[in-house]
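The structure appears right after this line, and notes come after that.
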Amino acid sequence: MTTSRRLADRKVGKFEKNITKRGAVPETTTKKGKDYPVGPVLLGFFVFVVIGSSLFQIIRTATSGGMA
């Protein structure tokens, strides 16, 4: 089954229109400043869980004589 000529022309037209817009990004869409994608509370919780679990593992390994 082949693509209809009308659909193919529409796709080519859309592609040709995109070629002229390439690289023309408006200023409003670019990120400015130091805006982090996650909040400080979530970041703090993640650090707490990672460091806490690693300390728990170290203590568990030390108390079992190195054979966990």
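Each residue takes its place number in the sequence, starting with 1.
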Inset, instruction - Show which residues join F56 in its hydrophobic cluster (side-chain heavy-atom contacts under 4.5 Å, direct or indirect), or state none. - result: none

Inset, instruction - If you link ILVMFWY side chains whenever their heavy atoms are less than 4.5 Å apart, which other residues fall into the same cluster as F48? By chain and number, please. - result: F45, V49

Legend entry - Pairwise distance OG(S53) to CZ(R60) - rounded to 0.5 angstrom: 11.5 Å

Legend entry - Spacing of L7 atom CG and R5 atom CZ [to the nearest 0.5 Å]: 11.0 Å

Inset, instruction - Could you check L55, T61, I59 and say which one makes a side chain to side chain contact (heavy atoms under 4.5 Å, CB included) with Q57? - result: T61

Legend entry - Connected-component partners of V41 among ILVMFWY, side-chain separation under 4.5 Å: none

